[in-house]
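This report refers to the structure that appears directly beneath it.
Naming convention: chains lettered A, B, ... in sequence-line order (proteins, then strands); numbering from 1 in each chain. Computed from a predicted structure; not experimentally measured. The basis for the numbers below is simple: all heavy atoms, side chains too, and nothing from hydrogens, waters or symmetry mates.
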Amino acid sequence: MSSANSQQTGLWSWITTVDHKKIGIMYALAAFFFLVVGGAEAILMRTQLLVPNNDFITARTFNSMVTMHGTTMIFLVVMPLSAAFFNYLTPLMIGARDVAFPRLNALSFWIFLFGGILLNFGFFIDQVPRGGWFGYANLTSLQYTPDLSVDFWAMGLQVVGLASLIASVNFFVTILNMRCKGMTLLKMPMFMWTNLVTQVLLMLSLPVITIALLMVTFDRHFGTGFFIPGEGGSVILWQHLFWVFGHPEVYILILPAMGIVSEILTTFSKKPLFGYSVMVYSSCAIGFLGFAVWAHHMFTTGLGPWATTFFSAATMLIAVPTGVKIFNWISTVWGGRIRFTTANLFALSFVAMFTFGGLSGIMHSSAPIDSQHQDTYFVVAHFHYVLYGGAVMALFGGIYYWFPKVTGRFMDETMGKIQFWLYMIGFNVTFFPMHFLGVQGMPRRNYTYAVDQGWDLWNWVASVGAYATAVGGIVFAINFFWSLKKGAKAEGDAWNGRTLEWTIPSPPHEYNFGIEPTVTRTDDFWYQKYSEDGKKLQPPKPEKYDPNDIHLPGPSYWPIILAAGITVAASGFFVQGIGLYVSLLGIAVVVVSVYGWSFEEA
Amino acid sequence: MSAHMETVTGVDNRKFAMWSLIASECFLFGTLIVNYFVKRNRGLEGPTGPEIFDINLTTLSTFDLLMSSVAMVLALHYCRTKELRKMQAWLGVVVLGGAIFLGFQWYEFNHFVNLGLKLDTSVFGSAFYMLTGCHGLHVAVGVLWITSILITSLRKGEAWFNDTVIEVAGLYWHFVDVVWIILFTVVYLFVYI
Amino acid sequence: MEFPKRWLKILLAPLMFLSLTSCFEKLPMSTVHSVTEWGNDINELYLITTIVVTFVFFMVSIPFCYAMWKFREKEGDETIPKQVKGNHVLEILWTVIPVILLIIIFIPTFKLIMKQYAEPPEDALVIEAIGHQWWWEFRYPEYGIVTANEMYVPEQRPVTIKLKSADVIHSFWIPRWGGKVDNIPGEVNTINYVTPALEDPAKADYYQGHCVELCGLSHARMRYEAVVLSAERFETWTKVAKSPPKVTTALQKKGQELFMSKTCFTCHAIEGTAAKGLIGPDLTNFGDRRTLAAGTLPNDAEGMHTWLRDSVDAKPPYQNVKPGSLMVFGEGFELTEEDIKALTAYLHNSTAKTF
Amino acid sequence: MSDSHASHGGGVKLYWIFCVILSVITFLEWAVFEYREPWGIGKVSLVVSLSIFSLIKFVMVVGWYMHLKDDPKMLKNTFIFSLLLASGVAAGLLALML
């Protein structure tokens, strides 16, 4: 079906789309929705902890908020937001027309969306998961959580995990196989390298959590005893399997942010990335070492001297490539012409806050200190500095940076700066006192604390900071929807960028590139605009091409049906009595849509 | 889909995707094997490994899966040399081999259940059934997949010689066979370790 | 471009960071005011790490802030900066120096890990700390004593605490003693201390502890205290700890009958009486304890009244003292105010106060 | 579209030779296991020999039957890297759990 047909609009074109740009936009919108949900859960928790012995929410609700805030923010906000950037920008940055398997790309979005709904479905029938986002072993067993809450958590994560697994294979093949002529691996933009490492981490770590969740589900429903001490099961095995997935997972959350920051800093300081190949090797080192440090989450479970020493050393070792990246970012900015747009402010705050988070991480990389920090608010402060001050800030920077490319309009700079400062100050006011709470011994996941503990002041300060951040979120929402209609017009090269996505008009045509671009070096587009010593050049005129003879894969409704089938198959546990038939129905839908899918013409 | 695109690495997208899936499945079966190894001596009641494993039957099923793997390679070869009848014949042998393996596994599971080792009898039983069951599921999916290819070839005859589809299915089938080679050693031959 | 506010953003964090290392007032759960040798070792390592981390922080933030100020784009300045690609010397520099800094942290870490897992001395007092869902059980195998929520130890004596769990994963942590180890069901972990010296030999020192692994609804209410006694007072406690409550006044006798008729004995045990329940905490020597319901309420008449009233009236799961606790009175087990006074009198005179 | 395989007739012969080798190794595995007492094979040598046998079969099927031998380096690295990482993590887990 030729691409000459007009840019379809209307709901049906969005449901059956296989265009990586539309899927990227849908990922972003879904992530914003869940960001609101996760943020609300955080506000509820902070309100409960505002004063000691507070009864704003019951212990049961608080444990649900702790669990769902963690699970939602990690699996339904940061990963999909990174996926939104991967989806939208990978083909544009490597000069391809679309991803390797467009329908598979649509499938992974729909499975993610239905998985997110399944994960949160507990809210409607008061079965919200309460076992912590890590769901340690035998608290999640049937004996100690007899209702369906753990099943919503386990099945929801299975489905969302499957979506990420399919997407990771898709993007892994796209990056390695579909780069434009001349773009060798070491000439790709840095964001593509962090994308590639993230996909490898996803591909290799997700099967471990799939098996662990399967074992928990079998324990709860089919009487097996994998994690039940009474039947010879081992409770520690769950922690091992979860963290073998868990630690690569946190690098999956931070690596895309590192890639985005590398793109933003280079553009707004008009300088190439300092030490490109060193940045590539350190990203790969972080990815590879990510698999060798998992047990630093388990120092207090009595691993024995040699294992504790090994994992302490490996955790410290990971600080070296991370430190190298931070110094390289500072050297990128060094000697440049820094423009403090909102996107750049977010990227710079990423470097500042991620450094701080990384350093507080090194403090409890050594096991004896961790035996004082583990499960206290010091660890909460550490990972919020790295995940919120790091990943979320960089992702917001990415939104401000690529909004003009996606919509053809700039986001408003003044509202942007207001949001930035609300986030920056609110973030530090919330999470920096948590270091003090941690040192003063306040344990995590406590729904309240006694009056005589001396933690009242800093908890109060942290809660106030959280409200400031919420206001910042509202300012962002206003800015986002206002700029959609009334933002200043932006042409193709909105920020005088350096990578291929700025060479095409914004919003780009459905077929991205009329003629496949050829690239001779890294930041090729920059050296078409400026010579090596900075004199302005006349960029070559784009050749003519006939858009009609560009063949694009047609829309297809099979992805959404297959995704629905998988989710229905996974929700057999939640229907009393006829659960088996619900699952069989789901499996039937899956089989039918697989065959329908494969017989669909290209 | 992306059937006829020349790619940077020269490898067809679908073949590259299948190898990535195989890389990912290494971790899947790695975790299952670790779980089996941790649990095999921790079962409290019910029969244990040495009592019920029948090495002769499992060696036969390993041999059968190997032959099915050989048949798959030959089918691919004849697809490339465009000899339709031979290709269809060897595809049939592959499907037959897979079915026989599933038959062996069905018989073995029934035999163990009669001996008192159900899924929830002991931790050893659950770990064993999860590992071999997951592999059995993969074999079943493979048999279904290659049967569909055989039916397509029978229906379309000479007009259809898509060696990429057969190669990708072949990769999956060989991987399933390779996993069984490891399982055969780890589960049945290391039973006295 | 508001120039000064940008500096605020960069310097916001380090200023606060400095106050982190400042000395806090001595809070009951402070991790930096340790009293045992192991706790002091950890604090020394913590100081070394903090110094190294602060040094690295300034190595990063000084060039960062300088670059923010020096290389900002002046108005109308369209020149393109030199396109610097990289610098091998610098790369080697900021790889080797961090490795050296990390080795500075790693060597003491290694020593402490080995010390933590070293064999405890032979004459160490063995205590079993068993985590239940939302209270602690302490057993003294040598003396055959079972108590709950308060661990009595003599001063300056090596102690080996064997950590077990009766249901889910808990975690044994006394911040001022330093270091925590998880109670894992199905396994026995150990944690070794040399108990601290008494500040004032006449009195007893209380050190707060908390369960720090999410173990269900009342995880926040699962606290306990380590009580350090002088050596001879500990000996008298070991003899007194197993004595049943003396029943003298009519009120206490009524309390004893209520303890039996209201089926308290099915869950609780009192040494030397017919009560042998194992589900709830052991109430021998209950009067001696400072707190009630695992550190949630003070152990006085008013505390007992709140606790018993809460268990009788509130229906699960909305109790507000210990959400989800099993102590819930069904129909036919109502307690009048008189009954509560009698039960309190019976339980609170269980032994002569030893300190 | 079909690459070099069709040309040299040796392909089929090679596969049959490999088929025989694989069958022989499988038989050897069975024999070593079945007659470990009479042949006096200790526990360690049993594990070593059986591991070597399965490793040979693994390499043969992956290398020749799956044509990994003549695939581009990128593909080989993907599989070999993941396999080594998987066995490394599995070995680490076993060391910690057993």
Pairs of heavy atoms under 4.5 Å with chain A: top-ranked of [options]:
options                               : value
C:Asp41, C:Thr49, C:Ile48             : C:Thr49
C:Ser34, C:Pro185, C:Pro175, C:Cys215 : C:Pro185
C:Leu214, C:Asn189, C:Ile42           : C:Leu214
C:Val212, C:Ile113, C:Ile169          : C:Ile113
C:Lys74, C:Met114, C:His88            : C:Met114
C:Gly186, C:Gly216, C:Gly39           : C:Gly216

Charged N-O contact under 4.0 Å between C:Glu37 and C:Lys115: yes

Under-4.0 Å salt bridge between A:Asp147 and A:Arg130: yes

Would you confirm whether [X], through its side chain, and [Y], through its main-chain N or O, come within 3.5 Å as a donor-acceptor pair?
X        : Y        : value
A:Ser269 : A:Gly336 : no
A:Thr145 : A:Leu139 : yes
A:Ser531 : A:Lys535 : yes
C:Glu73  : C:Phe71  : no
A:Ser312 : A:Ala367 : yes
C:Ser218 : C:Arg221 : no
A:Gln48  : A:Tyr447 : yes

Provide the closest heavy-atom pair for A:Ser349 versus A:Met424 in the form atom of the first, atom of the second, distance. CB-SD, 3.7 Å

Let me know if [X] has heavy atoms under 4.5 Å from chain C in its side chain, its backbone, both or neither.
X        : answer
A:Phe274 : both
A:Val333 : both
A:Arg445 : both
A:Ile228 : neither
A:Trp526 : side chain
A:Thr355 : side chain
A:Phe134 : side chain
A:Tyr530 : side chain
A:His373 : both
A:Asn63  : side chain
A:Phe327 : both
A:Gln143 : neither
A:Ser331 : side chain
A:Asp452 : both

Hey, would you say the [X] and [Y] ring centroids sit under 6.0 Å apart?
X        : Y        : answer
A:Trp334 : C:Tyr66  : yes
A:Phe432 : A:Phe356 : yes
A:Phe436 : A:Phe378 : no
C:His210 : A:Tyr449 : no

Within 45 degrees of the ring normal and closer than 6.0 Å to the centroid, is that where the cationic atom of A:Arg521 sits relative to A:Tyr527? yes

Looking at OG1 of C:Thr31 and CG of C:Asn43, how far apart are the two atoms once the value is rounded to the nearest 0.5 Å? 7.0 Å

Measure the CH2-CD distance between C:Trp173 and C:Gln208 for me, rounded to the nearest 0.5 Å. 11.0 Å

What residue in [options] has the most heavy-atom pairs under 4.5 Å with chain C?
options                               : value
A:Gly302, A:Gly335, A:Pro321          : A:Gly335
A:Pro368, A:Pro443, A:Gly438          : A:Pro368
A:Gly304, A:Ala59, A:Gly358, A:Gly454 : A:Gly304
A:Pro272, A:Ser141, A:Pro229          : A:Pro272
A:Gly323, A:Ser360, A:Ala313          : A:Ala313

Under 4.5 Å from a heavy atom of chain A, the part of [X] involved:
X        : value
C:Lys180 : both
C:Arg176 : neither
C:Thr79  : both
C:Val321 : backbone
C:Ile184 : side chain
C:Asp167 : both
C:Asn87  : both

Please report, to 0.1 Å, the donor-acceptor pairs under 3.5 Å made by any side chain of residues 90-110 of chain C, with sequence neighbours excluded.
unit_1	atom_1	unit_2	atom_2	d
C:Glu91	OE1	A:Asn328	ND2	3.4
C:Glu91	OE1	C:Trp94	NE1	2.9
C:Thr95	OG1	C:Glu91	O	2.6
C:Thr109	OG1	C:Ile105	O	2.7

